[in-house]
Amino acid sequence: MIVMKFGGTSVKDAEAINNAIEIIKTRLVRKPVVVSSATSKTTDSLIQLGKSACIGDGKKTKEILDELRERHLKICRELISDSQRQKNITGKIISIFQELENIVNGIFLLSELSARSLAKVSSIGEVISTNIISEALSDRGIENEWVDVKKFMLTNDNYQNAEPMFNEIKEKTPEVLCPIIEPGKVAVTQGFIGSTYEGITTTFSRGGSDFTASIIGMAMNAEEIEIWTDVDGVLSADPRIVSSPKIIDEISFKEAAELAFFGAKVLHPSTIVPAIEKNIPVRILNSKNPKFKGTLIKADVKENGFTIKSITSKKDIKVINIYSPKMLFAHGFLRRIFEIFDKFKTSVDLITTSEVNVSLTLDGYNRIDDIINELSEFSEVKMEEDKSLICIVGNNMKYERGIEKKIFQVLGDYTISMISQGASVINLSFVVQRDEMDSVIKTLHKEFFE
Ligand code: ADP
Ligand code: ASP
Ligand code: MG
């Protein structure tokens, strides 16, 4: 079997969904499980919806609900030709919106938006898109079944940044999906969403449908995980920054994991982890250019010597500088610091240290005030918010003599800090001024790729 994941832009309207279905048709013999994101921008709107209701902005709340409902009903009208099916799906979408409206009214009345409610609200986009895809497949005579992903995607109760319970998922996923795909039906399920043991809706972090696809791939021992998106594959830089990035044909799991972790939006940072466990190739493909081979991510990529593969970035990071003269010659400084990050479930991207000083960078920082308060009990803490992180990913970088010289020579005019290479042979990361980030990436790209 294979997993086929379609991202938001690949299901953004009737034409895109029709296109996705044409792609699914070419793979029916490979027993696909289709995983879909919400239609493009829907999750953003749903989050906005929850927030508007919470602050009592009734007008905005209604506007968002109306726009979302109408946009999806329009897709149904344009996509489904059979009148009975048209009626079924329209009724279904209206009832999903009725339920959403009830939840939103609750948020409005209580002026309270917990992580749990927001996870529920933001999960609705995937429920809607997959219902439409399933009906459209039936409309075209393709046998399929809509599957509630909550039946097998069990997670902890970190509602909006849930962690999967791999053992339970490995057991339950084949139980639910095999009876559908074995006889030849397509299974259509939701990305991004999970469920606690008690059945409460959770979601992965933003962009998490890629992660769903690879978790299902792992649990089902898939031949391949296909990630269908809006670019030709993994590129040498973010195409929104660099005008003509190069396409990477093949890349190793390790390099892809670094790329995703350090900001390449094309893959959710956790995607590669489940694929590595079962050594399942992941292919990044363009739904607007389906004949193109895309990028293959696999365990070993044969290469001689050294190459830079891609330059990634995280634009909005925070740099935390922790200074504690008391810690000179004392041990346990780092342990105390990381215990605090652990307590607030915050992961750190880059770290540089000296005897009494530790600098680190964060990009998920929802409990930042609590973290700073606790750090301040034994150190001086300064936060910088005008910085970005850049990461150069390639193979054997550590062993390439003179590579740092070449990199930093071309970046001579920029302010660079927190240079870090030690741990990995495939990445070199550093921090730049945020207003210089694009320019630094363009300069590096020109030097190494153009
Ligand atoms: P989807 O909705 O299909 O999940 P995303 O928007 O999450 O798509 O990811 C695809 C986008 O990632 C591309 O349109 C591109 O702008 C961006 N991107 C950033 N860095 C890279 C990169 N190195 N390679 C490819 N795409 C990248
Ligand atoms: N719809 C979710 C989001 O926008 C998940 C995804 O698209 O991967 O974050
Ligand atoms: Mg994505």
Side-chain angles (χ1 to χ4, degrees), residues 4-12 16 19-20 23 35-48 68 118-119 121-130 149 153 160-162 189-194 201-215 225-249 251 255-271 282-289 292 294-295 297 308-315 390-394 437-438 441 444-445 449:
M4 304 180 74
K5 177 258 169 177
F6 291 91
T9 43
S10 301
V11 293
K12 71 170 194 254
N19 199 26
I23 296 170
V35 174
S36 182
S37 295
T39 61
S40 188
K41 309 255 163 53
T42 294
T43 312
D44 291 341
S45 295
L46 287 166
I47 291 170
Q48 197 53 47
L68 279 173
L118 195 51
V121 170
S122 59
S123 75
I124 303 290
E126 273 71 7
V127 176
I128 299 172
S129 64
T130 49
V149 78
M153 195 54 71
Q160 287 187 276
N161 192 4
T189 197
Q190 305 82 48
F192 188 50
I193 311 177
T201 303
T202 59
T203 68
F204 296 129
S205 56
R206 292 300 307 274
S209 299
D210 302 328
F211 191 29
T212 307
S214 72
I215 296 171
I225 299 159
E226 296 185 339
I227 306 285
W228 290 91
T229 185
D230 61 348
V231 282
D232 272 332
V234 181
L235 305 168
S236 56
D238 188 334
R240 293 162 298 181
I241 299 174
V242 168
S243 57
S244 48
K246 306 279 177 293
I247 298 156
I248 302 171
D249 292 337
I251 187 167
E255 289 167 314
E258 295 279 337
L259 263 156
F261 184 76
F262 284 102
K265 197 189 167 219
V266 67
L267 274 182
H268 182 273
S270 308
T271 315
V282 178
R283 206 180 273 278
I284 314 295
L285 295 150
N286 187 349
S287 59
K288 287 183 283 185
N289 185 14
F292 188 74
T295 297
I297 306 171
I308 287 186
K309 295 278 171 63
S310 188
I311 304 159
T312 66
S313 56
K314 289 189 179 183
K315 189 160 191 154
I390 292 188
C391 174
I392 303 177
V393 179
M437 184 192 91
D438 285 8
I441 293 173
L444 285 170
H445 199 266
F449 296 97

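Counting starts at 1 for both ligands and their atoms, in listed order.
- For the salt bridge (Lys or Arg N to Asp or Glu O under 4.0 Å) condition, the pairs that include at least one residue of residues 37-48, sequence neighbours left out, are Asp44-Arg206.
- Annotation for ligand 1: atoms under 4.0 Å from non-hydrogen atoms of Gly8 are 2 (O).
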Which atom pairs, nitrogen or oxygen on both sides, join ligand 2 and the protein at under 3.5 angstrom?
unit_1   : atom_1 : unit_2 : atom_2 : d
ligand 2 : 1 (N)  : Thr43  : OG1    : 2.7
ligand 2 : 1 (N)  : Glu126 : OE2    : 2.6
ligand 2 : 4 (O)  : Thr43  : OG1    : 3.3
ligand 2 : 4 (O)  : Arg206 : NH2    : 2.9
ligand 2 : 7 (O)  : Ser37  : OG     : 3.2
ligand 2 : 8 (O)  : Gly207 : O      : 3.3
ligand 2 : 8 (O)  : Gly208 : N      : 3.4
ligand 2 : 8 (O)  : Ser209 : N      : 3.0
ligand 2 : 8 (O)  : Ser209 : OG     : 3.1
ligand 2 : 9 (O)  : Arg206 : NE     : 2.6
ligand 2 : 9 (O)  : Arg206 : NH2    : 3.4
ligand 2 : 9 (O)  : Gly207 : N      : 2.8

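- Checked against Val266 for a side chain to side chain contact (heavy atoms under 4.5 Å, CB included), the options Leu259, Val231, Ile227 give a single hit: Val231.
- Nearest protein neighbour of atom 16 (O) of ligand 1, counting heavy atoms only, is Arg240 NE, 3.3 Å.
- Distances shorter than 4.0 angstrom occur between a heavy atom of Val231 and an atom of ligand 1.
- Sorted by first then second residue, the salt bridge (Lys or Arg N to Asp or Glu O under 4.0 Å) pairs that include residues 227-240, not counting sequence neighbours, are Asp238-Arg240.
- The single protein non-hydrogen atom nearest to atom 11 (C) of ligand 1 is Asp230 OD1, 3.9 Å, given as residue, atom name and distance.
- Closest heavy-atom approach to atom 4 (O) of ligand 1 within the set Lys12, Lys5, Lys265, Lys41: this belongs to Lys5.
- For Phe449, the ring-ring contact (aromatic ring centres under 6.0 Å, His included) partners two or more places apart in sequence, or in a different chain, are His445.
- When the heavy atoms of Ala264, Gly233, Ser310, Ser10 are ranked by distance to atom 25 (C) of ligand 1, first place goes to Gly233.
- Using a 4.0 Å cut-off to heavy atoms of Leu235, the atoms of ligand 1 that qualify are 22 (C), 23 (N), 24 (N), 25 (C).
- When heavy-atom distances to ligand 1 are checked against a 4.0 Å cut-off, Pro239 comes that close only through its side chain, counted from C-beta outward.
- From Ile390, atom CD1 reaches atom CD1 of Ile311 across 8.0 Å, with rounding to the nearest 0.5 Å.
- Distances shorter than 4.0 angstrom do not occur between any heavy atom of His268 and any atom of ligand 1.
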